[in-house]
Amino acid sequence: MVGPNGAGKTTLLRVLAGLLPGDEGSRIALGERVFRDSHTTMPAHRRGVGMLSQDAGLFPHLSVRSNIAFAPSARHLSRAEVANRVDKWMAATEVAELADRKPGQLSGGQAQRVAIARALAAQPRILLLDEPFRALDVDVAGRLRALLRSILADRTRITVMVTHDLVDAVSLADDVLVLDGGVVVESGPTREVLTSPASRFTATLSGLNLFTGTVDSADDPVGVVGESGQRVSGTASAPMVIGERGAAAFSPRAVAVYLRAAPGSPRTVLRGTIVDVAPRGEHALVRCDVGGQSVAAEVTWAAVADLGLVPGLSVELVVKAADVRVYGLAP
């Protein structure tokens with residue numbers, strides 16, 4: 001689950017977990033089991049839900065082993081069953097050597113691994129993850145992501161993760177749901193959503209430009225005309241209908257910046273004004289306003305210097321039709 005700040009992602013997780021009631025229209029079910037609807041509200045402790053956030057939230061007075069044992073012990077399982085679960089998940093999360101330490105003796109990455117083990121030791125039907133890697137450095141987050149990918153590969157539970165990281169979505173998620181303003185604006189298989197974004201947020205997350213408008217031609221190349229009258233040409237991923245809403249998606253690497261574009265082969269020429277020039281790895285990302293829509297180009301710093309690219313400068317952006325993917329948008 002992805003979306004801009006304030007979209008309602010954490011609120012939705014808390015409603016799923018039973019920590020917030022939801023509104024009158026809320027219905028939450030897992031198969032035939034209803035957690036909440038207009039007639040039923042199942043308490044949080046009976047939902048079989050485990051929740052993990054960026055704050056590990058370990059009990060400071062308990063050892064690692066006791067933290068992981070907390071949920072199965074609270075269910076009054078036998079000592080042997082509790083011990084088996086604790087040993088299993090300490091081994092899976094690579095924290096067995098930390099069994100006797102207290103949370104105050106753990107690093108951030110170690111604490112988060114223990115928190116994952118504690119959540120899974122409860123054997124939840126639904127695992128909710130609220131940006132669990134956000135507070136960790138890149139190397140630690142990468143190792144934890146790989147660990148979680150191997151743990152979740154058995155598909156024995158439903159896992160819902162909130163993230164702002166494209167790597168999380170691509171490496172961990174079968175499906176992506178995009179929230180904006182408390183509303184689901186797009187959803188579907190991860191690859192489809194990220195390669196054919198229907199919202200600005202998803203396009204930005206994917207690192208793509210998204211130019212939206214009205215389809216004005218069903219021929220090859222297909223054209224999408226924005227409100228400003230500027231047109232982007234490309235290749236259609238499916239049959240298009242003239243007059244329908246459409247989007248053109250293309251990488252900033254496919255955009256060339258000119259002070260004045262020369263005529264040439266089939267391509268798009270967009271007139272815009274530079275809004276920002278920012279580092280992107282070894283290159284510069286030049287963001288431009290094109291008739292009220294944002295279009296970015298990835299160029300070398302030498303080009304920035306040679307062309308004098310600064311905010312406020314009027315430029316022409318050239319994109320070859322072969323580099324643009326055009327598709328329809330829902331009404």
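- The closest donor-acceptor contact from the side chain of Glu192 to the backbone of Pro189 lies at 3.5 Å or more, if one exists at all.
- Once rounded to the nearest 0.5 Å, the distance linking CD of Gln123 with CG of Leu77 reads 8.5 Å.
- Neither Leu194 nor Leu177 shares a network with the other; the hydrophobic side chains, linked directly or stepwise wherever heavy atoms of I, L, V, M, F, W or Y lie under 4.5 Å apart, form separate groups for each.
- Put simply, CG on Asn84 and OG on Ser78 are 7.5 Å apart, with the number rounded to the nearest 0.5 Å.
- Asn209 has its side chain out of reach of Gln293: every pair of non-hydrogen atoms, C-beta onward, lies at least 4.5 Å apart.
- Residues Ile116 and Leu52 form a side-chain contact, since some pair of their non-hydrogen atoms from C-beta on lies under 4.5 Å apart.
- Both Val290 and Val315 belong to a common hydrophobic cluster when Ile, Leu, Val, Met, Phe, Trp and Tyr are linked at side-chain heavy-atom distances under 4.5 angstrom.
- At most 12 non-hydrogen atoms from other residues, nucleotides or ligands lie less than 6.0 angstrom from CZ of Arg253.
- The CG atom of Asp216 lies 10.0 Å from the CE atom of Met240; values are rounded to the nearest 0.5 Å.
- The closest side-chain heavy-atom distance from Val324 to Val224 is not below 4.5 Å.
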Under the side-chain contact (heavy atoms from CB on, under 4.5 Å) criterion, do Asn5 and His164 qualify, and how do the steps go?
CA-CA 9 Å; Asn5 291 332; His164 282 90; 3.4 Å; yes
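- Counting non-hydrogen atoms of other residues, nucleotides and ligands closer than 6.0 Å to CD of Glu227 gives a total of 12 or fewer.
- Tracing side-chain contacts under 4.5 Å through hydrophobic residues (I, L, V, M, F, W, Y), one reaches Leu259 starting from Leu270; they form part of the same cluster.
- Although no hydrogens or angles enter the test, the distance criterion places no donor-acceptor pair under 3.5 Å between the side chain of Arg65 and the main chain of Met90.
- At least one side-chain heavy atom of Phe250 sits under 4.5 Å from a side-chain heavy atom of Val295.
- Across all their heavy atoms, Pro252 and Leu208 have their closest contact at CD-CA, 4.3 Å.
- Side-chain contact between Glu316 and Arg271 is present, with heavy atoms from C-beta onward closer than 4.5 Å.
- Residues Val160 and Met51 share a single hydrophobic cluster, defined by chaining ILVMFWY side chains whose heavy atoms lie under 4.5 Å apart.
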Is there a side-chain contact (heavy atoms from CB on, under 4.5 Å) between Trp301 and Val277? Walk through the geometry before answering.
CA-CA 10 Å; Trp301 284 105; Val277 180; 4.1 Å; yes
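- Considering only heavy atoms from C-beta on, Val215 stays 4.5 Å or farther from Val241 through its side chain.
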Decide side-chain contact (heavy atoms from CB on, under 4.5 Å) for Arg47 and Arg36; before the verdict, give the C-alpha distance in whole Å, the side-chain angles of both, and the deciding distance to 0.1 Å.
CA-CA 10 Å; Arg47 296 191 180 194; Arg36 192 204 189 285; 4.1 Å; yes
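- Cys288 pairs with exactly one of Leu317, Val275, Thr273 by the side-chain contact (heavy atoms from CB on, under 4.5 Å) rule, that one being Leu317.
- Across all non-hydrogen atoms, the minimal contact from Ala111 to Ala56 is O-CB, 3.6 Å.
- Residue Tyr258 places its OH atom among 12 or fewer non-hydrogen atoms of other residues, nucleotides or ligands, all under 6.0 Å distant.
- Contact record, Phe211 with Val225: CE2-C, 4.4 Å, taken as the closest heavy-atom pair.
- Within 6.0 Å of CD on Glu97 lie more than 12 heavy atoms contributed by other residues, nucleotides or ligands.
- Put simply, the side chain of Leu58 reaches to within 4.5 Å of the side chain of Leu106, judged on heavy atoms.
- Counting heavy atoms from C-beta outward, Thr93 and Val114 have side chains that stay 4.5 Å or more apart.
- Both Ile126 and Val162 belong to a single network of hydrophobic side chains, linked directly or stepwise wherever heavy atoms of I, L, V, M, F, W or Y lie under 4.5 Å apart.
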Quick one: do Met42 and Arg33 satisfy side-chain contact (heavy atoms from CB on, under 4.5 Å)? Show the steps, please.
CA-CA 10 Å; Met42 184 181 291; Arg33 186 166 186 146; 3.5 Å; yes
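- Atom CG of residue Asp55 and atom CZ of residue Arg134 lie 13.0 Å apart, to the nearest 0.5 angstrom.
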